[in-house]
Amino acid sequence: MELPDRIADETALEELLSRPTPAVVDVFRRLRGDLAVLGSGGKMGLSLVTMACRARDAAGSSAKVFSVSRFGDAAVRRQHEAAGAETVACDLLAEDAADRLPPAAHVVYMVGLKFGTAERPDLTWAANTVAPLQATRAYRDADVVAFSTGNVYDVTAADSGGSVETDALEPRGEYPNAAVARERLFEYASRERGTPAVLLRLNYALEPRYGVLVDLAQRIAAGTPIDLATGYFNGIWQGDANAAALRLLEHAGSPPLAINVTGTQTLAVRDVATRLAERMGRPVAFTGEPAPAALLSNAARATALLGEPDTPIERVIDWVADWIARGGRTLGKPTRFEVRDGRY
Ligand SMILES: NC(=O)c1ccc[n+]([C@@H]2O[C@H](COP(=O)([O-])OP(=O)(O)OC[C@H]3O[C@@H](n4cnc5c(N)ncnc54)[C@H](OP(=O)(O)O)[C@@H]3O)[C@@H](O)[C@H]2O)c1
């Protein structure tokens with residue numbers, strides 16, 4: 001895929017984030033029915049829904065793409081409709097939610113709640129347990145790709161290559177444990193009712209408006225020293241994560257396939273921040289020393305199944321540096337990737 005040297009504006013960014021690869025288009029040639037994307041109103045949803053619509057159109061498919069979320073922001077809903085999706089406003093915590101979900105043969109499940117857990121842990125648990133329960137009841141016979149997170153693992157040694165899918169799910173903190181519960185509910189439905197499923201453990205989607213690279217670049221722009229205590233992370237271009245999610249619809253199974261979706265490298269915060277600062281023409285200062293362990297996932301299973309992500313991490317770093325140096329719009333949603341006690 002032809003990649004630009006820089007991303008001019010948000011229109012170019014949305015186009016790039018939603019550009020389907022030939023492999024994604026091929027998936028839409030083979031789908032057996034409509035697709036519902038649940039929890040599409042968040043940071044990744046528009047680009048994933050748009051990619052699905054573009055792939056469907058390129059494949060000449062007549063499948064519908066339903067975009068389902070609460071859509072508190074009407075402008076977001078209009079964007080999804082403009083992309084070619086049929087929108088459904090639905091709160092998955094509502095008692096009658098299952099009755100309002102559109103029938104579909106394929107489901108990408110993106111509902112989640114992480115931030116605010118320290119203040120309202122009850123909401124985090126409800127969003128990550130009640131909502132999956134409603135979804136699994138409504139879509140017994142669909143192929144389901146359920147977004148999960150690398151937070152389901154405990155921290156691991158920085159030189160270990162990252163947690164693998166068979167590792168124990170024994171993280172610290174309420175959000176990570178609620179995320180384990182979210183997975184277990186999809187697993188339960190899959191084992192008990194045979195619903196084919198994938199548990200997609202994502203570690204840090206990257207794009208210029210939010211993500212670990214934005215957090216680092218903003219500190220560099222502000223002249224704030226970067227604390228190295230959380231010294232390592234994994235990341236993947238959000239467009240590649242979207243493509244992986246759609247391709248994984250064809251790998252749903254019972255029991256479910258758990259799969260880490262992230263970049264193939266363990267990234268050192270010091271190295272990444274140094275490159276960002278160079279590209280931004282700014283100095284960078286560091287404090288502290290990297291702890292020997294960090295939240296890291298091993299991408300070998302996804303690489304074997306889908307190949308390596310298309311977008312080199314160096315290119316993503318350069319795009320983000322350029323965007324932040326130019327004062328490009330950001331979402332104002334820090335990842336808090338440096339949190340080590342699971343309190344978000
Ligand atoms: N972005 C990352 O780097 C990252 C990393 C690891 C894992 N993940 C996982 O990937 C998934 C997608 O990521 P994201 O960044 O797009 O997440 P996000 O910004 O939190 O979006 C999730 C969306 O789900 C919708 N939602 C929440 N509660 C709902 C409810 N009760 N009923 C219906 N919809 C509800 C919300 O949109 P409305 O307000 O419109 O309802 C929310 O914006 C999440 O589940 C997350 O756990 C993401």
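Start at 1 and go down the list; that is how both ligands and their atoms are numbered.
In this view, Asp26 and Arg29 satisfy the salt bridge (charged side-chain N to carboxylate O under 4.0 Å, His left out) rule, not counting sequence neighbours. Checked against salt bridge (charged side-chain N to carboxylate O under 4.0 Å, His left out), Asp159 has no partners two or more places apart in sequence or in another chain.
Cation-pi check for Lys43 over Tyr210 is met; the charged atom lies under 6.0 angstrom from the ring centroid and within 45 degrees of its normal.
Residue pairs meeting the ring pair (Phe, Tyr, Trp, His ring centres under 6.0 Å) criterion with at least one member in residues 240-285: none, sequence neighbours excluded.
A salt bridge links Arg184 and Glu187; the closest N-O separation between the charged side-chain nitrogens and carboxylate oxygens is under 4.0 Å.
Side chain to side chain, Glu308 and Thr303 fail the donor-acceptor criterion of an N or O pair below 3.5 Å.
Contact residues for ligand 1 (protein heavy atom closer than 4.0 angstrom to any ligand atom): Gly39, Gly41, Gly42, Lys43, Met44, Ser69, Arg70, Phe71, Cys90, Asp91, Leu92, Leu93, Met110, Val111, Gly112, Phe147, Ser148, Thr149, Tyr175, Arg182, Leu202, Tyr204, Ala205, Tyr210.
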